[in-house]
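Since the structure comes first, as structure tokens, the remarks are kept for the end.
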Amino acid sequence: MTERASRFFDRNAQWLFPLPAVLAILILIVGPVLANAYISVHDWFIGATPKYVGLGNFARALSDHRFWAGLKNTFYFTLVAVPVELVLGLGIAVLFNRDFRGKGLVRTIILLPMVATPVAIALIWALMFNPSLGVLNYFLESLGLPRSLWVASAQLAIPSLTIVDVWEWTPMVALILLAALQSVPTELYEAALIDGAGPVQAFRFITLPSIRSAAVIALILRSIDALKTFDIIYVITQGGPGIASETLNVFAFKTGFEFFRAGYAATLLIFLLVAVLGVAVLLNMTRRSPS
Amino acid sequence: MRRRILGFLAIAALVLATVGVASAQQFDWKQFSGTKIRFLMNQHPFTTFIQPLLPEFEKETGIQVTFETFPEDQFRQRRLLEASSGADTLDGYMIMPGQVGAQYLEAGWVRYIDDYLNDPTMTDPNLDLNDFFGGALNTFKSGGKVFGLPLQNETSLLFYRKDLFQQAGIARPPQDMAELLADAALLKQGRVAGFAMRGKAANATSQIVNFLMSFGGTWLTADGKSALNSYQSKQALAFYADLLRNYGPPGETNMSWPEVTSLYAQGQAAMIFDANVFRSIMEDPKQTTDVVRNNTGYAPLPAGPAGMKPVVLVWGLSVNHASKNPGAAWYFIQWALSKVNQDKAILAGVPAARTSAWQNEEFKKTAPADWIDASQKSFAVGDPNWNPPVKPVPEVRDAYGQAIVAALEGKPVGPALDQAAQAIDQILANQ
């Protein structure tokens, strides 16, 4: 390398080193978002020439009952799934924070749902949910309980789908919380014990405050992911029965790739982006606020 | 004089030589040897059948074919993406013109093949277009030009359990809709449904359209508006909902063909109505119980108030407009749909698009006589427009699908269809 070039690199190292990362972000994130925004102001039936319509697609969304139903379903799904994941995840984390025989093995097994391919998971659950041939109804019946329609019922479709989400993602929450638990100094518990605190008080006043920040991170990550859930819903119900489990993401996908209305689909995704960003920012604020 | 004769002979020899050269420019299967081509395929009995034969094609032509096979929904999305992006690495695909023909033709995504058909070096002299069922071939013509060849005729049939019919004292499969309803009532036994068919929104429209037409309904009015709010259409949907709500299985609104066929294959339904190709499932010991496999009968669609009006679905193969190797792709299509391979296809349970295949004596021995008979009766009168003849087909099917789900959930049929018709009119206005 010539001296000039080497001097150039030395002088501009602060620009050159982050350059690949910046390019990756520009190409992979900023580019698609801008392209999406561009498409959203057009009426574009795939295969035909796009027509500029300004904010027409946005106005259409606001008066589209299916958009509102999709938005409602998106939040309904998240509000059911994420709290359950947090509570169960905390339970599992507390359990794994103690020592018992075979802990390593159990910990590996419990992580499996998270590692498996979502579409494969969804296909298996779809089989299990089948009201006539599925194994879930077989279990219900052998326990003397009535059979359920599961995802074939408009009322139960979303609650049933959240079971899959909980099954798949609780391990991740548990993992995050376990890491936080393990960083709580044991001296705190010893001191509390000396001061006469019981296990409940120790949990309430030591464990919970110590893992609060990690819990909020788990909450943010899971909420963002749950709001964007696509694979399990699309594979198991495709948004059905009717539109009973159609989230904004699924509706946008159908609009774009089944109905070929790329402009409207892009618009729906902007609404989803705003919703997800809004939730993330709100949750992040609770992380920073003093407890 | 002798010289003249010699001269004449020389000229004659030259002429003959030229003719000889011309005749050397005949159809040659090896013409594209060394080419690699790629086809997008639907996960379908035809694909399963032809895939193991690909090495034969490679041996015969030196062309290497790769299949990319996906389940139908993903297949269609993938094909749409690749066709619209103009990818030249895609050489051909399976296509059902009754489903996407209007869209693909208007966008120019399929390659017309008339130039090949008129070129003796490009078309196998044994191709014999007239051997294809007329209705099936017609769906691959637009403005008199050909854009592919049909690989199969598909129609829907009633699959029924002969043993359960006998136990219930029913002498014959239902001939009309009233008999279908009465038989379903007699056949429903505890958990075994009397009758099942698709109810999963847009997926169900390909089957319910048989009822719609047999009740005298249509997709569109003469002036191109939705006709789903007609009296006949409401009668058809009300009948369908009544049948399935009373004698159908639980969870109808989530049933597409995999659920319907597996329900029947496991002995949980006495009758189903779905595509005749699913005979291959019912004959597969891995997928059915013995009692189902040994007792399945086939009958055509029961007649409605307007008669028996089934639809036929025609799958075929087309050359991608952007293909770098359209000639090799066309060679593959000719080979895959040759008389020999269509004869094999029908033996493998694919309802071939060539009439000659249906006359094959070996096939007649292997296929149930009632299946052959019912299928041919259906092909004879079948309407290939199982979808509305418009571009936004999936959106229109989705709107109808919402009404189907509403009806199955017990909501009033009239308003549901009025709403669907209104939605469809809006979709058509915005296309």
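Keep in mind that what you see is a predicted model, and the values were worked out from it rather than measured. Chain identifiers are assigned alphabetically (A, B, ...) following the order of the sequence lines, protein sequences preceding nucleic acid strands; residue numbering begins at 1 within each chain. These numbers come from the heavy atoms of this one structure, side chains and all, not from hydrogens, waters or symmetry mates.
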Check your understanding: So which of B/Pro394, B/Pro392, B/Ser84 actually passes side-chain contact (heavy atoms from CB on, under 4.5 Å) with A/Phe260?
Key -> B/Pro394

Point to revise | B/Gln266 CD: over 12 foreign heavy atoms closer than 6.0 Å | key: yes

Practice item. To the nearest 0.5 angstrom, please state how far the CG atom of B/Asp398 sits from the CZ atom of A/Arg66. Key: 4.5 Å

Review point. Going through the distances and angles, do A/Glu258 and B/Gln77 end up as a side chain to side chain contact (heavy atoms under 4.5 Å, CB included)?
Key: CA-CA 7 Å; A/Glu258 288 177 14; B/Gln77 283 146 19; 3.8 Å; yes

**Study point:** Engaged part of A/Phe253 at the chain B interface, taking heavy atoms whose separation is under 4.5 Å
**Key:** side chain

Point to revise | Max heavy-atom pair count under 4.5 Å with chain A, selected residue of B/Gly251, B/Ala201, B/Ala107, B/Gly199 | key: B/Gly251

Practice item. Flag the pair A/Ser132 / B/Glu259 as yes when at least one side-chain heavy-atom distance between them is below 4.5 Å, and no otherwise. Key: no

Point to revise | Under 4.5 Å from any heavy atom of chain B - which part of A/Leu133 | key: side chain

Study note, to complete from the structure: Per-residue tally against chain B (heavy atom, under 4.5 Å) across A/Gly239, A/Pro131, A/Gly240 peaks at A/Pro131

Check your understanding: Does a sphere of radius 6.0 Å around CD in B/Gln426 hold more than 12 heavy atoms from other residues, nucleotides or ligands, not counting ones at 6.0 Å or beyond?
Key -> no

Review point. So which part of B/Leu263 gets closer than 4.5 Å to some heavy atom of chain A, the side chain, the backbone, both or neither?
Key: both

Review point. Is chain A contacted by the side chain of B/Glu409, its backbone, both, or neither, given a heavy-atom distance below 4.5 Å?
Key: side chain

Exercise for review: Can you tell which part of A/Phe257 gets under 4.5 Å to a heavy atom of chain B, answering side chain, backbone, both or neither?
Suggested key: both

Exercise for review: Check B/Lys200 against A/Thr237 and note the closest heavy-atom contact, atom names and distance.
Suggested key: CE-O, 3.9 Å

Point to revise | Enclosure of A/Phe230 CZ (heavy-atom neighbours >12, cutoff 6.0 Å) | key: yes

Exercise for review: Of all the heavy-atom pairs spanning B/Asn254 and A/Ala152, show the shortest one and how long it is.
Suggested key: CB-CB, 3.7 Å

Exercise for review: Please say whether more than 12 non-hydrogen atoms of neighbouring residues, nucleotides or ligands are located less than 6.0 Å from CD in B/Glu72.
Suggested key: yes

Review point. Tell me, side chain or backbone of B/Ser256 under 4.5 Å from chain A's heavy atoms, or both, or neither?
Key: neither

Practice item. Under 4.5 Å heavy-atom distance to chain A, tell me which part of B/Leu81 shows up: side chain, backbone, both or neither. Key: side chain

**Study point:** 4.5 Å side-chain heavy-atom contact, B/Pro250 and A/Arg147
**Key:** no

Point to revise | Where B/Asn430 and A/Arg261 come nearest, the two heavy atoms and their spacing | key: O-NH1, 3.2 Å

Practice item. Name the region of B/Asn203, side chain, backbone, both or neither, that has any atom closer than 4.5 Å to a heavy atom of chain A. Key: side chain

Study note, to complete from the structure: Closest non-hydrogen contact found for B/Gln402 with A/Ile243 is NE2-CG2, 3.5 Å

Point to revise | chain A interface, residue from B/Val396, B/Ile427, B/Leu408 that has the most non-hydrogen pairs under 4.5 Å | key: B/Ile427

Review point. Among B/Glu252, B/Gln268, B/Gln103, B/Met255, who wins on heavy-atom pairs under 4.5 Å with chain A?
Key: B/Gln103

Check your understanding: Quick one: what part of B/Arg397 sits under 4.5 Å from any heavy atom of chain A, side chain, backbone, both or neither?
Key -> neither

